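Here is the structure we will look at, set down as structure tokens.
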Amino acid sequence: MRSFTGLDYYDVDAMLSDEERMVRDTIRAFVDAEVMPIIDRHNRASTFPMELVPRMAELGMLGANLSGYGLPGLNSVAYGLIMQELERGDSGLRSFVSVQGALVMYPISAYGSEDQKKRWLPALHAGKAIGCFGLTEPDHGSDPGGMTTRADKTASGWRLNGTKSWITNGTIADVAVVWAKTAEGVRGFLVEKEAKGFSSRDITGKFALRASVTSELAFQDVELAEEALLPGTKGLRSPLSCLSQARYGIAWGAIGAAMAVYDEALAYTKNRTQFGRPLAGFQLVQQKLAYMVSELTKAQLLCLRLGRLKDEGKATAARISLAKMNNVNVALEIARRGRDMLGANGTHDEYQVGRHMCNLEAVKTYEGTHDIHTLIIGEDVTGIAAFS
Ligand SMILES: Cc1cc2nc3c(=O)[nH]c(=O)nc-3n(C[C@H](O)[C@H](O)[C@H](O)COP(=O)(O)OP(=O)(O)OC[C@H]3O[C@@H](n4cnc5c(N)ncnc54)[C@H](O)[C@@H]3O)c2cc1C
């Protein structure tokens with residue numbers, strides 16, 4: 001298999017530090033050597049490549065941008081480049097790392113007690129524990145404020161009741177960050193897999209993110225100790241702040257998926273001959289390639305700027321929404337065009353384009369749909385919320 005060189009039409013590399021390039025190249029080599037040979041098999045079988053978790057941990061990918069408790073504390077651009085390279089392999093792997101880092105380790109780091117941080121952060125970073133994030137419910141997706149999961153105060157702690165749906169890593173998680181309504185508003189809880197009354201099952205039949213575990217979680221009179229509460233969580237703002245962290249990584253990840261598609265479509269159309277010459281020599285094919293190069297270059301510059309803003313504390317939720325919305329949208333458009341350029345072969349899993357295209361359909365929906373990000377930006381620029 002060819003090793004991947006990426007696309008860098010505007011010499012964006014020159015704006016990266018040596019450390020950022022080194023991180024990117026390390027993950028790129030990992031994906032070439034250890035992900036590409038196995039990912040189509042996992043995608044076909046609809047299984048998550050658990051065997052890669054120890055390697056992803058060893059390479060420092062889990063919670064890579066968080067600090068303290070032995071965590072790497074990489075800057076936002078280096079972290080983004082990890083997400084980009086992983087999603088070049090498969091969106092399922094990037095989803096695993098996003099959930100573990102941005103949706104489980106981040107809330108523990110930002111809102112957890114000292115004991116919770118000491119217990120979970122090193123274990124989650126080392127891949128010795130796996131986490132999931134339960135916000136979405138069967139009847140409440142884009143509008144999590146309508147959630148019906150409840151945590152009621154008891155003499156010794158809390159009693160949790162409700163159902164969460166579409167939860168990445170749900171059945172493989174040792175600990176679930178669960179968001180529930182309490183008398184004081186929405187709060188987060190750490191629920192361990194052994195908790196009595198807690199059950200989970202996988203959602204099967206997905207045509208997207210097949211190499212990722214997606215589950216339903218059910219809580220029936222689950223008794224939690226007071227220590228299960230993430231004490232710093234207060235209102236819907238808390239889970240939304242976690243989503244901002246994850247959306248930031250997704251904006252970078254989408255570039256990786258789109259680069260994989262571009263790379264494959266370019267190589268394929270240069271080799272494939274129809275009407276006596278390579279497909280790449282036809283104007284209509286070049287138009288598609290030019291679209292890919294131009295949208296990818298814009299997406300790269302957007303993310304690099306957003307990453308620098310994030311390190312300056314200026315990456316607002318709306319700015320992150322813009323990058324997630326734009327980059328996933330163009331990546332999906334690139335994947336659809338790439339699939340078309342491979343003709344019948346584009347419909348087969350011997351090639352990557354179809355897998356990335358299907359994955360990106362789910363990535364466009366999760367972590368705030370494209371339309372919800374449009375409304376977030378609309379509210380930011382007008383001051384008028386148009387959600388309801
Ligand atoms: C593979 C996968 C993994 C996931 N992992 C997780 C996870 O780990 N944890 C978790 O909590 N959730 C997870 N999700 C859930 C995901 O975040 C939700 O699917 C998403 O928020 C959308 O919610 P919904 O599916 O209920 O769609 P809905 O909210 O029902 O939306 C359906 C459509 O209506 C549109 N719509 C909704 N409201 C409006 C409005 N006000 N104006 C205009 N249009 C609107 C939407 O844009 C969309 O097009 C995952 C989903 C998938 C597919």
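Starting from 1, each residue takes its place in the sequence as its number. In this text, all values refer to a predicted model and were calculated from it rather than measured experimentally.
Under 3.5 Å, the side chains of Lys206 and Thr214 contain a donor-acceptor pair of N or O atoms. Under the 3.5 Å distance criterion, with hydrogens and angles disregarded, no donor-acceptor pair is assigned to the side chains of Glu216 and Thr163. No donor-acceptor contact under 3.5 angstrom links the side chains of Thr168 and Tyr366, judged on distance only. If you check the side chains of Asn161 and Asp221, you find a donor sitting under 3.5 Å from an acceptor.
Electrostatic pairing of Asp174 and Lys193 counts as a salt bridge here, judged by a charged N lying under 4.0 Å from a carboxylate O. The pair Arg24-Glu19 fails the salt-bridge criterion, with no side-chain N (NZ, NE, NH1 or NH2) lying under 4.0 Å from an Asp/Glu carboxylate O. Using a cutoff of 4.0 Å between basic side-chain nitrogens and carboxylate oxygens, Lys364 and Glu361 are not scored as salt-bridged. Between Asp263 and Arg88 there is no salt bridge, since no side-chain N of the basic residue sits under 4.0 Å from a carboxylate O of the acidic one. Remark: Arg355 engages Asp90 in a salt bridge, criterion side-chain N to carboxylate O under 4.0 Å.
Both the sub-6.0 Å distance and the 45° axial angle are not jointly satisfied by Arg55 relative to the ring of Phe30.
Residues Ser238 and Gly232 approach most closely at OG-O, 4.4 Å, considering heavy atoms. Across all their heavy atoms, Ala64 and Ile82 have their closest contact at CB-CD1, 3.9 Å. Minimum interatomic distance between Leu52 and Glu34 (heavy atoms only, all atoms of both residues): CD2-O, 3.7 Å. Here the shortest heavy-atom pairing between Ala180 and Leu160 reads CB-CD1, 3.7 Å. In this structure, Met292 and Val261 approach most closely via the heavy-atom pair CE-CG1, 4.4 Å. Annotation for Gln116 and Pro231: closest pair OE1-CD, 3.5 Å, computed over non-hydrogen atoms.
Other residues, nucleotides and ligands contribute over 12 non-hydrogen atoms within 6.0 Å of the CZ atom of Phe282. Residue-environment remark: CD (Gln287) stays at or below the threshold of 12 foreign heavy atoms within 6.0 Å. Arg21 CZ: more than 12 foreign heavy atoms inside a 6.0 Å radius.
The distance from the CE atom of Met147 to the NE2 atom of His140 is 9.0 Å, given to the nearest 0.5 Å. Considering CD1 of Ile203 and CZ of Arg201, their distance stands at 6.0 Å, rounded to 0.5 Å. In this structure, CZ on Phe4 lies 5.5 Å from CZ on Arg28, to the nearest 0.5 angstrom. Atoms CD1 and CE, from Ile334 and Met357 in turn, are 14.0 Å apart once rounded to the nearest 0.5 Å. If you take CG on Asp311 and CG on Asn75, they are separated by 5.0 Å, rounding to the nearest 0.5 Å.
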**Evaluation steps, side chain to side chain contact (heavy atoms under 4.5 Å, CB included), between Thr369 and Ser142** = CA-CA 7 Å; Thr369 68; Ser142 298; 4.1 Å; yes
**Prompt:** Does the side chain to side chain contact (heavy atoms under 4.5 Å, CB included) test come out yes or no for Val77 and Arg308, once each step is laid out?
**Reply:** CA-CA 7 Å; Val77 169; Arg308 300 291 180 228; 3.2 Å; yes
**Asked** How far apart are the C-alpha atoms of Ile250 and Ser91, what are their side-chain angles, what is the distance that settles it, and do they pass the side chain to side chain contact (heavy atoms under 4.5 Å, CB included) test?
**Response** CA-CA 9 Å; Ile250 293 172; Ser91 303; over 6 Å; no
**Prompt:** Can His370 and Val328 be said to form a side chain to side chain contact (heavy atoms under 4.5 Å, CB included), step by step?
**Reply:** CA-CA 8 Å; His370 182 85; Val328 177; over 6 Å; no
**Item:** Residues Arg119, Glu192; criterion salt bridge (charged side-chain N to carboxylate O under 4.0 Å, His left out); working and verdict
**Value:** CA-CA 12 Å; Arg119 167 151 184 226; Glu192 296 186 40; 2.8 Å; yes
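Classified by interplanar angle (parallel below 30°, tilted 30° to 60°, perpendicular above 60°), the ring pair Phe198/Phe219 is parallel. The aromatic rings of Phe48 and Phe96 sit parallel to each other, their planes meeting at less than 30°, with 60° as the upper class boundary.
Screening Glu223, Glu226, Glu184 for a salt bridge (charged side-chain N to carboxylate O under 4.0 Å, His left out) involving Lys153 leaves a single residue, Glu226. The only option from Gln245, Arg319, Arg305 that meets the side chain to side chain contact (heavy atoms under 4.5 Å, CB included) definition with Lys310 turns out to be Gln245. Paired with Arg94 under the rule salt bridge (charged side-chain N to carboxylate O under 4.0 Å, His left out), one option of Glu367, Glu87, Glu85 passes, and it is Glu87.
Taking the centre of each ring, Trp158 and Phe189 come in below the 6.0 Å mark.
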